[in-house]
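Numbering starts at 1 and runs along the sequence shown.
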Amino acid sequence: MNETALTVHQTARPHGFPTAGHFAFVESALPRPPAGSALVHNLYWSVDPYHREMMDDVPGGFALGAPLEGRTIGRVITSRTPHLAEGEIVFHRQGWRTHSVVTPEEIRRLPRFDGVPLTAYLGILGGTGLTAYVGLTRIARLREGEDLFVSAAAGGVGTATGRFARLLGAGRLVGSAGSAAKADHLVREVGYDAVFDYHDGPAADLLGKVAPDGIDVFVDNVGGEQLSAAVGALREFGRIVRIGTISQYNTPAAPPPRFNHADIVEKSLRMEGFLVSNHRDVQEELYEFTVPHLQSGRLALDETVVDGFEGIVEAFLGMLRGENTGKIIVRDRTEALSDRSGQRF
């Protein structure tokens, strides 16, 4: 067991795109859990787009000079409560650190399913997959045969949305991504019918080429120009599922998207955003829907895994730059060795 702990602190508020200089790795002695709590050695960390929003001076945002937080899976190594056993694997939100002190109320025990790796609980079985599933089933209320457009289709939510939409019986499935290589991967591996590189021209023109007959649902992770294009492409009674606005996270002064607001009325469109934290009651349904498909091989994991906690900041910045395909996860180096040897908990 390591004798020291590392945490990541935010040191300054970014103006625009964050850099490694906005973070600091802080070393300390291993924390001693007080009575009623336990010490967890973290094994897997999630870095997510919403972390960028939390870096700004906003209510509930990250405090400067304090450990950041995020979704994490770890092993209990010291327990001072009968409710957490040493060796137990737990999910909690005190991430961006190698070790965390948690109480039983702050953790969630993960069900274990044969053939399903732990990383899935930070991806398609975690907040990422829950976002995609809620967006399709609760917000869009997707019906069989309907055509979808998904922006940022190569990200964690975008790949999960594509795979779930296929399983739910979607019709034509189109998306946008940041490179030709990603577009090709989404068509070959994930199940999209067509994907355009949003760098190649005006979004309305590119969307018109891949979906010349229009779309029924737009799952929006980006906002901006692509949202404007989708409003024009939506058919009567179309729905827009607003998940994120990553195109503006690092450009807060960018003008809002412009579109014909009359389309909302004339085509009876519905636009709805949501926070996945308000849909925790769907978690068990997500397991019931997803796990059999994972076990059968019909559903694959889309992951970019970075080995070593020391790479967590670069993994986060790389995600903001769009360098990942699927969910990006940081893995402790000891787990990298056991994963490669085929060992599981």
A.B. asks: How many angstroms lie between CG in Leu206 and CG in Asp197, if you round to the nearest 0.5 Å?
C.D. replies: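 Here the rounded value is 8.0 Å.
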A.B. asks: Taking Gly65's backbone N and O only, do any of them form a donor-acceptor pair with His9's side chain (distance below 3.5 Å, no angle check)?
C.D. replies: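 Side chain of His9 to backbone of Gly65: a pair is present.
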A.B. asks: Quick check against the 3.5 Å criterion: does His22 have a side-chain atom that pairs as donor or acceptor with the backbone of Gln10?
C.D. replies: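 It does not hold such a pair.
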A.B. asks: Is any side-chain heavy atom of Asp220 less than 4.5 Å from a side-chain heavy atom of Phe149?
C.D. replies: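 Heavy-atom side-chain distance check fails, nothing below 4.5 Å.
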A.B. asks: What I want to find out is whether Arg163 reaches Glu189 closely enough, with some N-O distance under 4.0 Å, to be called a salt bridge.
C.D. replies: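 So Arg163 does not pair with Glu189 through a salt bridge.
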A.B. asks: Taking the six-membered ring for Trp, are Phe289 and Phe164 closer than 6.0 Å centroid to centroid?
C.D. replies: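 Yes, the ring centres sit under 6.0 Å apart.
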A.B. asks: Taking C-beta and beyond as the side chain, do Arg239 and Glu146 meet within less than 4.5 Å on heavy atoms?
C.D. replies: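 In contact.
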A.B. asks: Between His279 and Val276, is there a donor-acceptor pair closer than 3.5 Å when you use the side chain of the first and the backbone of the second?
C.D. replies: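 Between the backbone of Val276 and the side chain of His279 there is no qualifying donor-acceptor contact (under 3.5 Å).
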A.B. asks: Please examine the side chains of Val195 and Val210, heavy atoms only from C-beta on, and report whether any two atoms are closer than 4.5 Å.
C.D. replies: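 Heavy-atom side-chain distance check fails, nothing below 4.5 Å.
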A.B. asks: Report yes if the side chains of Ile312 and Val306 come closer than 4.5 Å at any heavy-atom pair, otherwise no.
C.D. replies: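 No, side chains not in contact.
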A.B. asks: On a heavy-atom basis, which atom in Leu294 and which in Leu299 lie closest, and how many Å separate them?
C.D. replies: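 Scanning both residues, the minimum pair turns out to be CD2-O, 3.4 Å.
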A.B. asks: Kindly indicate whether the side chain of Asn42, heavy atoms from C-beta on, has any atom under 4.5 Å from the side chain of Asp332.
C.D. replies: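 Asn42 vs Asp332: side chains apart.
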A.B. asks: Is Arg166 salt-bridged to Asp193, cutoff N-O under 4.0 Å?
C.D. replies: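 Yes, this pair counts.
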A.B. asks: Side chains of Lys327 and Thr119: any donor to acceptor distance under 3.5 Å?
C.D. replies: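 Looking only at side-chain atoms, Lys327 and Thr119 do not form any donor-acceptor pair under 3.5 Å.
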A.B. asks: If every non-hydrogen atom of Asp213 is compared with every non-hydrogen atom of Arg235, which pair is closest and at what distance?
C.D. replies: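 That would be O-NE, 2.9 Å.
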A.B. asks: Given His99, which of Ile77, Thr78, Leu6 fulfils the side-chain contact (heavy atoms from CB on, under 4.5 Å) condition?
C.D. replies: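 Going through Ile77, Thr78, Leu6 one by one, the side-chain contact (heavy atoms from CB on, under 4.5 Å) with His99 is satisfied by Ile77 alone.
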A.B. asks: If only atom types and distance count, is the side chain of Asp48 paired as donor or acceptor with the main-chain N or O of Tyr50 below 3.5 Å?
C.D. replies: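 No.
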A.B. asks: Do the side chains of Met271 and Phe218 get nearer than 4.5 Å, heavy atoms only?
C.D. replies: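 They are not in side-chain contact.
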A.B. asks: Which pair of heavy atoms, one from Thr72 and one from Leu122, lies closest together, and at what distance?
C.D. replies: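 Heavy-atom minimum between the residues: N-CD2, 4.1 Å.
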A.B. asks: Just say parallel, tilted or perpendicular for the rings of Phe309 and Trp45, cut-offs at 30° and 60°.
C.D. replies: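 Ring orientation of Phe309 relative to Trp45: tilted.
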A.B. asks: Short question: side chain of Glu225, backbone of Ala203 - any donor-acceptor pair under 3.5 Å?
C.D. replies: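 Yes, because the side chain of Glu225 sits within donor-acceptor range (under 3.5 Å) of the backbone of Ala203.
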